[in-house]
Number of protein chains: 2
Amino acid sequence: MTMSRIAKIAGVSVATVSRALNYPEKVRPELRNRILEIARQYNYVYHAAAADLKRQKSNAIGVLFPTTIGPLFAETLMAIQEKIQEHHMALIVGNTMYSKAEEARLVKQFQERRVAGIIFTGYGLGQENLIRNLMRQNIFCVVTYENLEDTDINYVGFDNFKAAYDATNYLISLRHKRIGLIIGPYRKMGRLLKRFKGYQQALKDHGIQFDAALVVSTEPGLLEGKQAMRQLLHLPEPPSAVFAVSDHLAIGALSSIKQAGFQVPGDISLIGFDGVELAAYCDPPLTTVRVPARDMGRLATEVLMKSINNGVKRAMQYCLDADLIIRKSCSELK
Amino acid sequence: MTMSRIAKIAGVSVATVSRALNYPEKVRPELRNRILEIARQYNYVYHAAAADLKRQKSNAIGVLFPTTIGPLFAETLMAIQEKIQEHHMALIVGNTMYSKAEEARLVKQFQERRVAGIIFTGYGLGQENLIRNLMRQNIFCVVTYENLEDTDINYVGFDNFKAAYDATNYLISLRHKRIGLIIGPYRKMGRLLKRFKGYQQALKDHGIQFDAALVVSTEPGLLEGKQAMRQLLHLPEPPSAVFAVSDHLAIGALSSIKQAGFQVPGDISLIGFDGVELAAYCDPPLTTVRVPARDMGRLATEVLMKSINNGVKRAMQYCLDADLIIRKSCSELK
DNA sequence: GCAATTTATGTAAACGATTACATCACAATC
DNA sequence: GATTGTGATGTAATCGTTTACATAAATTGC
């Protein structure tokens, strides 16, 4: 079933059918209803590809994630999803698996489908040129999880440096001096690097010597957190507090600490990052930094929609708050 | 940049350009390279919509999830993702939010995009007609998380009844008689209903009287698990063991039990469902039923690809194993 | 009652690929 | 050397919409 077949049956032109379907107010109600009725009867299904071809754009938008495992990205994805569906658009997703090549492939795929826009989630280093290229091709982009202050790129992020600084600072305020850091592959990822620097700066600002032996860089994951913590525990002079830069890492670390027979926070204070709901259900409930995963998703999608509907305009940039959530996993050093 | 522009520049016909791009072996190497080079130079991007229109199908496939929060579905999604990307296809995702209407809207969207197939993840009740309709329109479907034995529908699932039966049975083997059940909205969802029945049957097979007061049906989620457990704890005669039919519910329940000052498994045995990695990192590590989330995703995608490539054929149906994983959260009733 | 405006509909040309079919050159066969 | 076969390329129709423009009919204003 196609519009022209419907047109034939209704004894009108395809233009009228198209209008009846897309701009109902443009066709006389009586006729419109007749057309709609025929479409329904014959099970007409709109052919998006044909429309996309003619209109030279689609109503699909692409989202790029490193991975969707881990509750954080899943929340952002969910928020994006909801907004997208509100706008009756389609969402094409891709996982880069932290690989540049895979990312390139996916972006190409998005271009081939002529997506209206792309949301980059927590992207790596230096995609700025890629994004500018896309914008030039009229594909609007937004970046989440980062703040790209001195660029002309849309973003909805938070201050990774400050968030890590605050967390470290909190530990210091509890008199901790030997503070371990368990962090993802920060050398490869802009926002992790910023967090690393936030940690360093907090130490520096309080006259605490940075000790490379106290930082473990690892892949994200529960097991990795556990292993990293074990490593820290075996240090000649183990830390009295640990900042695990993801709740998943922290939960892994927690299990390692308990297994070694230590108490949290009695023997070791532990602070996480992300603020996933789960952190509140740990034993003890995990102090953490809440990153605005849902809000970023929501806002980023809105920003994208605005860009798309109003043409380019100037960059829209939002830096949301990431708040320290104090629960029970940290205590003052005796 | 379009094929015909490239054709003009190269002094050949569009057909040749199309062939150079799609069936490289069909055009003389020298000419092919010249065309490819021009395409590269002029930043040619393939126009998927145009091809889809002409070919009357797309290389996109749709996936439907109730929601993507909760680690389980996220894992399945990830597995699907990987397979899809291996096949160089595009993945359109939609969240039904457990709503029939939303599901219908998304399916329509998929149809409009002429997806090659749809993966239904853990679908509700009686979509069988919907699916048969889609198949008739040449949109191949696979259902995961369910086994639809006596139908002609592709599925890659596991035996929900048996999985729940086994878990309950295990508790019974530890001499428990009052076994609580915390479960999602089983009245609305086929697979939850089957699990409920598995629980009932296990009781029955061991001569234990079913007690409706011991089952709490709730939305999935940590908080809900916690509340449900609280409710169970306040019973005049609380259960000595609880089967929480999702690890998330179980973790919520666990926190509730601890908060009330009871021990797991000393006072109350607890068993989860799903077998997410996280369950191993609880305190105590959670005994659970491992559902083959990744495998279902992988296999379902493969089944779909085969359907698509080979035309319809007979239904492919796989019932994978869901194993009981015994850890530390259950003990024998004294 | 006529011109001017508005509203409803039709006409037809795109959009950018794919592909059946036609053509042509050349090699292989007897 | 005529015939057949093979491989490379071209021709042109087609997929199902959208939309600028044309036209016709109805409404308005004076």
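In what follows, chains are A, B, ... by sequence order, proteins preceding strands, each numbered from 1.
- Distances shorter than 4.0 Å separate some side-chain N or O of Q56(B) from OP1 or OP2 on dG16(D).
- Contact annotation for D52(A): no contact, since no heavy-atom pair falls under 4.0 Å across all strands.
- Closest to the side chain of A15(B), out of dT19(C), dT9(C), dT18(D), is dT19(C).
- Remark: T16(A) is in phosphate contact with dG10(C), judged by side-chain N or O atoms under 4.0 Å from OP1 or OP2.
- If you check dA14(C), dT18(C), dC15(D) against the side chain of K54(A), the one that comes closest is dA14(C).
- Using modelled atom types, no side-chain atom of Q85(B) and backbone atom of G94(A) make a donor-acceptor pair closer than 3.5 Å.
- The side chain of Y44(B) places an N or O atom within less than 4.0 Å of a non-bridging phosphate oxygen (OP1 or OP2) of dA17(C).
- Closest to the side chain of R19(A), out of dT18(D), dA20(D), dA8(C), is dA20(D).
- The nearest heavy atom of DNA chain D to R55(B) and to E25(B) marks one nucleotide each, and the one closer to the 5' end goes with E25(B).
- Distance from the side chain of R28(A) is smallest for dT9(C) among the nucleotides dA14(C), dA17(C), dT9(C).
- The nucleotide whose nearest atom lies closest to any side-chain atom of L31(A) is, among dG16(D), dT18(C), dT9(C), dT9(C).
- Rounded to an integer number of Å, the gap from CD of Q111(B) to P of dG16(D) is 16 Å.
- We find that R113(A) and D52(A) are not joined by a salt bridge, their nearest charged nitrogen and carboxylate oxygen being 4.0 Å or further apart.
- Under 4.0 angstrom from either OP1 or OP2 of dT11(C) there lies no side-chain N or O belonging to S13(A).
- Of the possible donor and acceptor atoms, none in the side chain of N160(A) sits under 3.5 Å from a partner among the backbone N and O of E146(A).
- When rounded to the nearest whole Å, the span between CG of L21(A) and P of dT17(D) equals 9 Å.
- When rounded to the nearest whole Å, the span between CZ of R34(A) and C1' of dA8(C) equals 14 Å.
- Rounded to whole Å, the distance from CD1 on I6(B) to P on dA17(C) is 8 Å.
- We find that CG of L53(B) is positioned 12 Å from P of dA17(C), with the value rounded to whole Å.
- Comparing dT18(D), dA17(C), dT17(D) by their closest approach to the side chain of Y46(B) singles out dA17(C).
- A salt bridge does not link R298(B) to E86(B): none of the charged nitrogens lies less than 4.0 Å from a carboxylate oxygen.
- Between the OH atom of Y23(B) and the C1' atom of dA20(C) there is a distance of 12 Å, given to the nearest Å.
- If you check dT11(D), dT17(D), dA17(C) against the side chain of A50(B), the one that comes closest is dA17(C).
- With dT9(D), dA12(C), dT18(C) as the choices, the nucleotide that has an atom nearest any side-chain atom of M3(B) turns out to be dT18(C).
- One interatomic measurement links the two molecules: CG of N22(A) to C1' of dT19(D), which rounds to 11 Å at whole-angstrom precision.
- Rounded to whole angstrom, the span from the NE2 atom of H47(B) across to the P atom of dA14(C) amounts to 17 Å.
- Side chain of E112(B) to backbone of V45(A): no donor-acceptor contact under 3.5 angstrom is found.
- At a threshold of 4.0 Å, the pair E37(A)-R40(A) counts as salt-bridged, since one of the basic side-chain nitrogens sits closer than that to a carboxylate oxygen.
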